[in-house]
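Indexing begins at 1, ligand by ligand and atom by atom, following the structure's order.
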Amino acid sequence: MNQMIVDLRSDTFTLPTPEMREAMMKADIGDDVFGEDPSVKLLEDKIAAMFGMEAGLFCPSGTMTNQIALRVHTVPQDEVICEEGAHIYYYEGGGIAYNSLCSVRLVKGKNGIMDVADLANAVRKEDVHFPKSKVLALENTSNRGGGTVYSMDSISKLSAFAQENQLRFHLDGARLFNAIIAQSQDPLVYGRLFDSISICFSKGLGAPVGSALIGTKTFIKEARRVRKVLGGGMRQAGFLAQAATYALDNHINRLADDHRRAKEIATLFGLMEEVKEVKSPETNIILAEVHESVDLSEFLSQWQQKGVKMLAFGPRQFRAVTHLGINDNHIEHLKVMTANRKRKAH
Ligand SMILES: *Cc1c(COP(=O)(O)O)cnc(C)c1O
């Protein structure tokens, strides 16, 4: 019998469902660099409208949508303010320095989440010694924070803070729909509070490729120029856009199942004798830490041999992520495997 594989490494491992593949194959396509791909236009208008924003831009990755946004919001020698674990800083290859010639001001939040008090000393005064503070960027949900979610109240306060300090307000919403579903938030509120939002279709939404950047018409017009110069202008991209449209129509509400399963997995982690601490998941990401005496790579490879794949996320921390490819059978299988292991001593 084939071993059951439970791939919890990332929600980027999702594969398009048969229905999504069918929708992709039926897409109306054209040359999008000439503005003639109807499926791309449909997706860009749809995602912008969902957030009450004027325009959207379909890009190959979330790194590109973030980098384009920062490039359009800044001029060289400006400064971008973000949390120290933010993807735009931590996981985008130094792109802010390379693409925008800007410096970054890091702020320490709590599990990836910042509040206005954390920003007290982050904004530069007008002085020839200093870069100009230009952008405040949030990440919701926070990846390195463990899928944590900003409350609407706290986003409103940060938005007001950005306005008072003449900062553009950008949101890395790679997993924004996870946040929206977890807290029953209204996407239109996000559109009102942020100057630009980046959203990934290739994470929990289950599309194979693609992210969108949304903002004002003027902003997106400029963003389109930057996308071209980065080599992100795609020709018959409608096949991919159609997958994203299918995901928006069919895969948003099911994120609640991913969140429930993440809680079940966290409970199972809590039963493992090697595990010292598990953070209670707010969405689809579970972060846990092994005891000092445990060799993390050994622990992960033991699970890997049993078909359970997870990622190291620090010297003792590991990450598991639920997504479209994980169903209740996988969870039952994990329960049985956990029960068969030696239980934590009481
Ligand atoms: C995945 C992710 C992105 C985008 O990554 P790509 O692989 O470039 O699509 C951006 N921000 C966060 C928080 C992410 O998790």
Side-chain angles (χ1 to χ4, degrees), residues 7-16 43 47 56-71 80 82-96 98-100 104 106-107 109 111-114 135-150 155 170-180 182 190 194 196-214 223 226-227 230-232 234 237 240-241 243-244 247 255 258-259 262 281-287 311 313-314 317 319-325:
D7 198 339
L8 301 169
R9 286 174 297 172
S10 175
D11 43 8
T12 56
F13 284 91
T14 51
L15 297 174
L43 171 67
I47 187 77
L57 183 70
F58 184 54
C59 289
S61 72
T63 298
M64 192 181 279
T65 44
N66 280 328
Q67 291 296 318
I68 291 174
L70 298 174
R71 171 80 175 72
V80 174
C82 65
E83 212 274 333
E84 63 180 18
H87 196 281
I88 58 167
Y89 166 77
Y90 200 96
Y91 286 124
E92 297 186 7
I96 298 176
Y98 186 72
N99 294 312
S100 300
V104 180
L106 295 179
V107 170
N111 295 324
I113 303 293
M114 303 181 284
V135 177
L136 172 61
L138 307 190
E139 182 175 308
N140 199 25
T141 67
S142 162
N143 176 22
R144 288 195 64 79
T148 43
V149 185
Y150 278 91
I155 294 179
H170 173 72
L171 176 60
D172 177 353
R175 297 186 180 82
L176 185 51
F177 283 108
N178 290 90
I180 286 171
Y190 279 93
F194 285 93
S196 55
I197 305 178
S198 155
I199 297 157
C200 287
F201 303 116
S202 61
K203 298 267 166 77
L205 292 181
V209 175
S211 292
L213 181 62
I214 53 177
V226 178
R227 183 185 69 173
L230 293 177
M234 298 182 286
L240 299 174
L255 293 171
D258 292 347
H259 300 168
E282 294 180 27
T283 53
N284 69 328
I285 299 177
I286 311 120
L287 289 184
L311 282 187
F313 221 54
Q317 205 174 42
R319 187 185 83 165
V321 185
T322 55
H323 51 78
L324 188 59

Closest approach of [X] to [Y] (non-hydrogen atoms, all atoms of both residues):
{"X": "Ser61", "Y": "Met64", "answer": "OG-N, 3.0 Å"}
{"X": "Tyr190", "Y": "Ala179", "answer": "OH-CB, 4.3 Å"}
{"X": "Cys82", "Y": "Val104", "answer": "SG-CG1, 3.8 Å"}
{"X": "Leu213", "Y": "His170", "answer": "CD1-CE1, 4.2 Å"}
{"X": "Thr65", "Y": "Ser198", "answer": "OG1-OG, 2.8 Å"}
{"X": "Leu138", "Y": "Phe194", "answer": "CD1-CZ, 3.8 Å"}

With respect to [X], determine whether any N or O atom, backbone or side chain, lies less than 3.5 Å from an N or O atom of ligand 1.
{"X": "Thr63", "value": "yes"}
{"X": "Arg175", "value": "yes"}
{"X": "Thr141", "value": "no"}

So if I count the atoms of ligand 1 from 1 in the order they appear, which ones are less than 4.0 Å from some heavy atom of Glu139? 13 (C)

Which atoms of ligand 1 have any heavy atom of Ser61 under 4.0 Å away? 8 (O), 9 (O)

Atom 14 (C) of ligand 1 sits nearest the protein heavy atom Lys203 NZ, 2.9 Å

Below 30° counts as parallel, above 60° as perpendicular, anything between as tilted: where do the rings of Tyr91 and His87 land? tilted

Nearest-option assignment for atom 6 (P) of ligand 1, heavy atoms, candidates Pro60, Gly62, Gly112, Gly85: Gly62

Should one rank Gln67, Glu92, Arg144, His87 by closest heavy-atom distance to atom 5 (O) of ligand 1, which comes out on top? His87

Mode of [X] contact toward ligand 1 - side chain, backbone, both, neither (heavy atoms, under 4.0 Å):
{"X": "Met64", "answer": "neither"}
{"X": "Asp172", "answer": "side chain"}
{"X": "Asn66", "answer": "side chain"}

Residues, nucleotides or ligands: over 12 heavy atoms within 6.0 Å of Arg71 CZ: no

